[in-house]
Amino acid sequence: MKSIKKLVTATFAGISLVCTPLLADEYSTKGSYVTGSIGGSKIGDIDVVGITSDIEFESGLGFDLGYGYDFGKTRIEGSWVRGQSDKTSWLGYSIKTDSTIDSFLGSIYYDFRENKKWSPFIGASFGGTTADIDGYSDSGSTYGIGYGLSYKTSDEVEVFFKAQTLVIPELTFGSTVIENGNYTNGTIGMRVRF
């Protein structure tokens, strides 16, 4: 009886040693990739000192393009992210004006893969941003957070939903200083490995 128990234990141990690398390879994600996503963007309201009415931005188009490298559970990525609004409201008046915010970021992401096709992820980003509001523009440093959910459709392709919020500590438009400006993009996209 003991010899049968040992044989069964040894057999299962051998199967697990053989199958574990195979399962890991099935969901292997290492390598370079390109990524892009598109969706909606919301520029945060601007608090004007001494006035009770904030400058408000309507939602607009948001997208990003990037290149990265996947180490398995950790990814590094360089990307261009844009937030946009076609209309601004202040003191009860709507102004038809094009506002765009462009960020160039370096990011690091962690994927909670655990050998599954579905993978939640979270990451931090740092870089620089240029904001153009009604023809006035300024640039500043940027930091933010991104999070979402990926689904692996094949060894080369993952589709994902991502939300990303970026903060610009200070921007100056003429004599107006804006502190902690921000925008958030919610996008659907794809990562393609090569």
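What you see is a predicted model, and the numbers here were worked out from it, not measured in a lab.
Residues Lys30 and Arg193 have side chains not in contact (no heavy-atom distance under 4.5 Å, counting atoms from C-beta outward). Contact annotation: the side chain of Ile43 approaches that of Ile101 to within less than 4.5 Å [non-hydrogen atoms, C-beta and beyond]. Using a 4.5 Å heavy-atom cutoff, the side chains of Met190 and Val157 are in contact. With a 4.5 Å cut-off on side-chain heavy atoms, Asp86 and Asp98 count as touching. Between Glu156 and Phe194 the shortest side-chain heavy-atom distance does not fall below 4.5 Å. Counting heavy atoms from C-beta on, the side chains of Lys152 and Arg113 never come closer than 4.5 Å. For the pair Tyr183 and Phe57, the minimum side-chain heavy-atom distance is 4.5 Å or more. Counting heavy atoms from C-beta on, the side chains of Ser141 and Phe126 never come closer than 4.5 Å.
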Check the pair Thr130, Asp102 against side-chain hydrogen bond (donor to acceptor under 3.5 Å, both in side chains), reporting the backbone distance first and the verdict last. CA-CA 5 Å; Thr130 298; Asp102 292 303; over 6 Å; no
So Tyr33 and Glu158, side chain to side chain contact (heavy atoms under 4.5 Å, CB included) or not? Walk me through it. CA-CA 10 Å; Tyr33 64 87; Glu158 282 182 285; over 6 Å; no
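The shortest heavy-atom contact between Leu61 and Gly39 is CD1-O, 3.5 Å. Residues Leu65 and Gly36 share a closest heavy-atom pair of CD2-CA, 4.1 Å. The minimum heavy-atom distance linking Lys42 with Ser59 is given by the pair CD-OG, 3.6 Å. Pairing each heavy atom of Leu166 with each of Gly144, the nearest pair is CD2-CA, 3.8 Å. Shortest non-hydrogen contact noted between Leu105 and Ser125 is CD1-CB, 4.0 Å.
Hydrophobic clustering (ILVMFWY, side-chain heavy atoms < 4.5 Å, transitive): Val34 and Val159 are in one cluster. Cluster membership check: Tyr109 shares its hydrophobic cluster with Phe160, using side-chain heavy-atom separations under 4.5 Å among Ile, Leu, Val, Met, Phe, Trp and Tyr. Residues Tyr110 and Tyr147 share a single hydrophobic cluster, defined by chaining ILVMFWY side chains whose heavy atoms lie under 4.5 Å apart. Under the 4.5 Å side-chain heavy-atom criterion for Ile, Leu, Val, Met, Phe, Trp and Tyr, Val81 and Phe104 are members of distinct hydrophobic clusters. Tracing side-chain contacts under 4.5 Å through hydrophobic residues (I, L, V, M, F, W, Y), one reaches Tyr136 starting from Ile178; they form part of the same cluster.
The backbone N or O of Ser89 lies less than 3.5 Å from no partner atom in the side chain of Glu56, so there is not a single donor-acceptor pair. The backbone N or O of Gly140 lies less than 3.5 Å from no partner atom in the side chain of Thr129, so there is not a single donor-acceptor pair. Remark: the backbone N or O of Thr172 is paired with a side-chain donor or acceptor of Asp138 at under 3.5 angstrom.
Taking the six-membered ring where tryptophan is involved, the planes of Phe63 and Trp80 are perpendicular, since the angle between them exceeds 60° and thus also 30°.
A distance of 7.5 Å separates CD1 of Ile76 from CD1 of Ile108, quoted to the nearest 0.5 Å. To the nearest 0.5 Å, the span separating CD1 on Ile46 from CG on Asn182 amounts to 9.5 Å. Between the CD atom in Gln164 and the OG atom in Ser37 there is a gap of 8.0 Å [rounded to 0.5 Å]. With values rounded to the nearest 0.5 angstrom, Thr165 atom OG1 is found 11.0 Å from Tyr143 atom OH. Note that CD1 of Ile122 is 13.0 Å distant from CG of Leu149, once rounded to the nearest 0.5 Å. Taken from NZ in Lys87 to OG in Ser99, the straight-line distance is 12.5 Å, to the nearest 0.5 Å.
By the 6.0 Å contact criterion, NZ on Lys73 is enclosed, its count of non-hydrogen atoms from other residues, nucleotides or ligands being greater than 12.
Ionic pairing of Arg191 and Asp70 is not present here: no N-O contact between side-chain nitrogen and carboxylate oxygen is shorter than 4.0 angstrom.
Among Asp64, Ile188, Asn185, the one residue that satisfies the side-chain contact (heavy atoms from CB on, under 4.5 Å) test with Lys162 is Asp64.
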